[in-house]
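Since the structure is predicted, the reported quantities are computational estimates derived from the model, not experimental observations.
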Amino acid sequence: MWAYTVGFTVLPHVGGFLGWFFNRKEIPVWYEKLKKPSWCPSRKVFPLAWTVLYTGMGYASYLIWNDLGGCSSKAVIPLGLYGAQLALNWAWPPFFFGARNLKMALIDILCLDSLAIGMMCSWYRINKVATLLMVPYLGWLAMATCLTIRIWKDNPEQKPGKSE
């Protein structure tokens with residue numbers, strides 16, 4: 001059973017690592033030049049925060065999967081919401097850093113917020129500990145959403161053909 005625990009716990013880190021790996025060069029080149037609010041966390045905080053959040057998220061998904069007896073029909077909605085929000089979580093860095101598309105990153109994170117809230121609501125009746133493990137994630141998403149909104153508003157995207 002430990003293999004399932006480890007697998008579920010590690011899974012969110014895979015997309016997080018790939019998002020960092022493919023976009024890591026854009027951070028010093030582009031991200032650092034963006035206008036950001038004074039309350040924007042330091043770049044050093046992000047890897048630590050995401051390691052903690054992805055670990056809690058992965059273990060929580062294992063608890064839900066285990067309580068529902070694996071991939072049963074009862075697990076379709078709770079784990080489907082989890083998978084959908086995880087996919088949107090993994091999609092944000094390519095939109096934001098890779099494509100430098102602040103509007104799509106904003107749309108992505110707003111949809112992600114909705115799915116994360118829906119997921120937590122569906123999990124509450126199944127396993128309260130799993131739901132509580134997601135609270136820090138929801139808090140971080142709230143901050144990240146506010147940050148994405150501010151960066152989008154404060155850094156108008158260049159229109160094709162226009163120079164700075």
Side-chain angles (χ1 to χ4, degrees), residues 1-24 26-27 30-31 40-41 45-153 157:
M1 201 57 135
W2 66 269
Y4 289 113
T5 308
V6 171
F8 274 87
T9 303
V10 169
L11 176 64
H13 293 277
V14 173
F17 174 78
L18 291 173
W20 167 82
F21 183 79
F22 288 115
N23 296 294
R24 71 189 186 281
E26 295 300 320
I27 295 170
W30 176 73
Y31 178 74
C40 179
V45 172
F46 287 91
L48 176 62
W50 280 112
T51 298
V52 171
L53 295 169
Y54 279 144
T55 301
M57 179 189 312
Y59 183 68
S61 70
Y62 164 75
L63 293 176
I64 296 298
W65 175 83
N66 190 53
D67 285 358
L68 293 175
C71 295
S72 66
S73 60
K74 295 182 287 184
V76 170
I77 291 175
L79 292 180
L81 288 168
Y82 171 73
Q85 71 81 33
L86 189 57
L88 287 178
N89 178 296
W90 291 346
W92 188 90
F95 286 137
F96 190 87
F97 295 107
R100 298 181 183 179
N101 190 330
L102 302 177
K103 186 176 183 179
M104 279 306 299
L106 178 57
I107 292 167
D108 176 271
I109 203 165
L110 291 171
C111 293
L112 171 56
D113 293 340
S114 299
L115 282 171
I117 291 167
M119 175 196 68
M120 289 175 69
C121 290
S122 77
W123 284 16
Y124 186 76
R125 288 169 291 191
I126 301 162
N127 188 310
K128 289 174 183 46
V129 171
T131 307
L132 288 173
L133 284 169
M134 298 303 289
V135 170
Y137 175 57
L138 193 60
W140 185 266
L141 280 181
M143 181 280 302
T145 301
C146 292
L147 184 57
T148 302
I149 291 168
R150 278 293 299 274
I151 291 173
W152 172 71
K153 288 176 81 173
E157 295 182 60

Exercise. Going through the distances and angles, do F96 and W152 end up as a ring pair (Phe, Tyr, Trp, His ring centres under 6.0 Å)?
Worked result: CA-CA 10 Å; F96 190 87; W152 172 71; over 10 Å; no

How many angstroms lie between [atom1] in [X] and [atom2] in [Y], if you round to the nearest 0.5 Å?
{"X": "N66", "Y": "F8", "atom1": "CG", "atom2": "CZ", "value": "9.0 Å"}
{"X": "D67", "Y": "W123", "atom1": "CG", "atom2": "CH2", "value": "10.5 Å"}
{"X": "I151", "Y": "C146", "atom1": "CD1", "atom2": "SG", "value": "11.5 Å"}
{"X": "T148", "Y": "L102", "atom1": "OG1", "atom2": "CG", "value": "8.5 Å"}
{"X": "T9", "Y": "W2", "atom1": "OG1", "atom2": "CH2", "value": "12.0 Å"}
{"X": "D108", "Y": "L88", "atom1": "CG", "atom2": "CG", "value": "5.0 Å"}

For this session: List the steps and the verdict of side chain to side chain contact (heavy atoms under 4.5 Å, CB included) for W92 and L112.
Result: CA-CA 9 Å; W92 188 90; L112 171 56; 5.6 Å; no

Problem set entry | Name of the residue among P78, S72, C71 meeting side chain to side chain contact (heavy atoms under 4.5 Å, CB included) with W65 |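 Output: one option passes, namely C71.
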
Exercise. Run the side chain to side chain contact (heavy atoms under 4.5 Å, CB included) check on N89 and Y54 step by step: do they pass?
Worked result: CA-CA 10 Å; N89 178 296; Y54 279 144; 2.5 Å; yes

Exercise. Should Y137 and W50 be marked as a side chain to side chain contact (heavy atoms under 4.5 Å, CB included) after you check the CA-CA gap, both sets of side-chain angles, and the distance that decides it?
Worked result: CA-CA 9 Å; Y137 175 57; W50 280 112; 3.8 Å; yes

Exercise. Do the side chains of L81 and M120 get nearer than 4.5 Å, heavy atoms only?
Worked result: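 When only atoms from C-beta onward are counted, L81 and M120 do not touch, as no gap falls below 4.5 Å.
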
Problem set entry | Sub-4.5 Å side-chain heavy-atom contact between L147 and P41 |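 Yes, side chains in contact.
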
Problem set entry | Heavy-atom pair with the smallest gap, counting every atom of A75 and L68 |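 Closest pair (atom of A75, atom of L68, distance): CA-CD1, 3.6 Å.
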
Problem set entry | Where L141 and A116 come nearest, the two heavy atoms and their spacing |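 Closest pair (atom of L141, atom of A116, distance): CD1-CB, 3.8 Å.
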
Problem set entry | Qualifying salt bridge (charged side-chain N to carboxylate O under 4.0 Å, His left out) pairs with a residue from residues 112-139, counting only residues at least two apart or across chains |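 Those involving residues 112-139 do not exist here.
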
Exercise. Does any N or O in the side chain of W90 come within less than 3.5 Å of the main-chain N or O of P12, such that one atom is a donor and the other an acceptor?
Worked result: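 Yes: the side chain of W90 pairs with the backbone of P12.
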
Is [X] atom [atom1] crowded by more than 12 heavy atoms from other residues, nucleotides or ligands, each under 6.0 Å away?
{"X": "F46", "atom1": "CZ", "answer": "yes"}
{"X": "L110", "atom1": "CG", "answer": "yes"}
{"X": "Y31", "atom1": "OH", "answer": "yes"}

Problem set entry | Residue pair M57, M119: steps toward the side chain to side chain contact (heavy atoms under 4.5 Å, CB included) verdict | CA-CA 11 Å; M57 179 189 312; M119 175 196 68; 6.0 Å; no

